[in-house]
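Quick note: residue numbers are just sequence positions, from 1.
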Amino acid sequence: MSELVELIITGEIPEGELLPPEGPLSEHFGVSRTVLRESVKRLEEKGLVVVAQGRGTQVARSGSWNMLDPVVLSALIDNDESLGVLDELTIVRGNLESAMAGAVATRRTAEELTRIEHALEAMRETQHESDSFRQADVVFHLTIMELSRNRLAENITKRLYRRALESSRYHGMGYEGAFRSTLDEHALVVDAISRRDVEAAERAMRDHIVTSWQRRRLEAPHQEAEL
C-alpha cells in the first residue's frame with residue numbers, strides 16, 4: 001500500500017485518474033487481488049481514492065486526502081522536495097499554537113506559569129547542547145499545548161509537529177545565533193503569558209514559529225540549480 005500512496009502523493013498517478021484494473025495492478029505489485037482490494041479499501045479510508053461502481057477507482061482531489069493520517073502525512077513530508085508541504089505545515093502549526101498560547105494567557109494559573117517558566121529555564125540550561133536544547137524546546141511547546149486545554153488543536157498540532165521533527169529537512173540548516181534568537185523568542189511568549197496579554201502571546205508564538213522556520217529553511221533543489 002505504501003508504494004501506491006507514494007505514487008498518488010507524488011502525482012505519478014494524477015488526481016482524477018483511474019487506477020489500472022485489478023489484474024494488471026495485482027501483477028505489478030506481486031500481490032493477490034484480495035490483498036489489492038484490501039489496500040484500495042484502506043486508500044479510500046484515507047481519502048486518497050474514490051471507488052465508484054461501474055467506473056473503477058479514481059484518485060481523489062488532494063483537498064479530500066486525510067493529511068493527518070500518519071501514512072499520508074509521512075509520504076507528503078518524505079516526498080516534499082520543494083518544501084512546500086513544510087511551508088504549509090508551518091503556517092498551520094503557527095496559527096494553532098498562536099491560538100493556544102493566547103488561551104493560556106487568558107486563564108493561566110500561577111502554577112501553570114511556573115511550569116512554563118521552568119520549561120524556558122530548561123532551554124537556557126541546555127543552550128549550546130543541540131540535542132538537549134531541541135528536546136527542551138519541544139517540551140516547551142508541548143507544555144503550552146497542554147495548558148491551552150484545547151484538545152482538538154493540541155491533537156492536530158502534535159501530529160504535525162512530531163512528524164515534522166522526524167524530517168531532516170524540517171531541522172534545516174544551522175545559523176549563527178540560533179540558540180540566542182530561539183531563547184529570546186520563547187521568552188517573549190512567556191512574558192506575554194505572564195502579563196496575560198493575549199494578543200502579544202498569540203503574536204509572539206506565531207512570529208517565532210514562522211520566522212524560525214524561515215531562518216533554517218533549506219533552498220529547494222530547483223532553487224539551488226539557479227544559483
Side-chain angles (χ1 to χ4, degrees), residues 1-97 134 138 142 145 151-173 209-210 213-214 216-227:
M1 181 185 67
S2 59
E3 189 176 344
L4 257 178
V5 170
E6 191 166 314
L7 289 172
I8 292 171
I9 295 297
T10 58
E12 290 191 45
I13 305 178
E15 296 177 26
E17 186 166 310
L18 293 173
L19 295 185
E22 273 188 3
L25 206 55
S26 60
E27 288 180 16
H28 174 78
F29 290 112
V31 298
S32 68
R33 294 194 180 202
T34 301
V35 170
L36 181 65
R37 288 189 197 115
E38 188 59 35
S39 295
V40 170
K41 183 179 178 182
R42 290 202 294 273
L43 292 180
E44 187 177 24
E45 291 169 352
K46 297 176 189 302
L48 294 174
V49 300
V50 178
V51 179
Q53 289 286 18
R55 291 187 57 227
T57 302
Q58 186 178 39
V59 175
R61 287 182 57 257
S62 57
S64 300
W65 300 349
N66 179 5
M67 295 187 182
L68 293 179
D69 178 275
V71 174
V72 177
L73 184 58
S74 290
L76 283 165
I77 292 175
D78 291 343
N79 292 282
D80 185 25
E81 294 295 336
S82 71
L83 301 183
V85 172
L86 288 174
D87 288 337
E88 293 173 5
L89 183 151
T90 300
I91 292 171
V92 173
R93 181 192 159 208
N95 285 327
L96 288 174
E97 283 203 51
R134 186 175 295 145
V138 171
L142 295 181
M145 293 180 206
R151 293 175 298 173
L152 183 58
E154 178 184 2
N155 186 278
I156 293 171
T157 309
K158 277 183 177 177
R159 286 172 184 258
L160 296 173
Y161 187 32
R162 285 175 168 159
R163 182 57 190 83
L165 288 171
E166 296 172 9
S167 169
S168 60
R169 292 191 186 100
Y170 187 72
H171 294 294
M173 58 185 176
I209 290 172
V210 173
W213 164 243
Q214 291 171 345
R216 68 180 188 273
R217 189 187 191 278
L218 298 167
E219 292 293 332
H222 72 279
Q223 292 174 311
E224 291 176 341
E226 293 170 359
L227 297 179

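Listed by chain and number, the residues in a side-chain hydrogen bond (donor to acceptor under 3.5 Å, both in side chains) with R37 are E22 (sequence neighbours excluded). Legend: residues meeting salt bridge (charged side-chain N to carboxylate O under 4.0 Å, His left out) with E154, ordered by chain and number and at least two apart, are K158.
Side-chain contact between L4 and I13 is present, with heavy atoms from C-beta onward closer than 4.5 Å. In this structure the side chain of E44 never reaches within 4.5 angstrom of the side chain of V50, judged on heavy atoms. Using a 4.5 Å heavy-atom cutoff, the side chains of L89 and V92 are not in contact. Contact annotation: the side chain of D69 never approaches that of L48 to less than 4.5 Å [non-hydrogen atoms, C-beta and beyond]. The shortest side-chain heavy-atom distance between E81 and R169 falls under the 4.5 Å cut-off. In this structure the side chain of W213 never reaches within 4.5 angstrom of the side chain of R93, judged on heavy atoms. Residues I9 and W65 form a side-chain contact, since some pair of their non-hydrogen atoms from C-beta on lies under 4.5 Å apart. Within the 4.5 Å cutoff, no side-chain heavy atoms of F29 are placed close to those of V35.
Atom-to-atom distance recorded for I209:CD1 and T90:OG1 is 8.5 Å, nearest 0.5 angstrom. Note that the CG atom of L19 and the CG atom of L7 stand 9.5 Å from one another [nearest 0.5 Å]. Summarising the geometry, atom CD belonging to E17 is positioned 9.5 Å from atom CD belonging to Q58; distances are rounded to the nearest 0.5 Å. Here the CD1 atom belonging to I77 is positioned 11.0 Å from the CG atom belonging to L83, to the nearest 0.5 angstrom.
Using modelled atom types and a 3.5 Å distance limit, the side chains of N155 and R151 yield no donor-acceptor pair.
Counting only residues at least two apart or on different chains, the side chain to side chain donor-acceptor pair (under 3.5 Å) pairs with a member in residues 70-79 are S74-R163, D78-R163.
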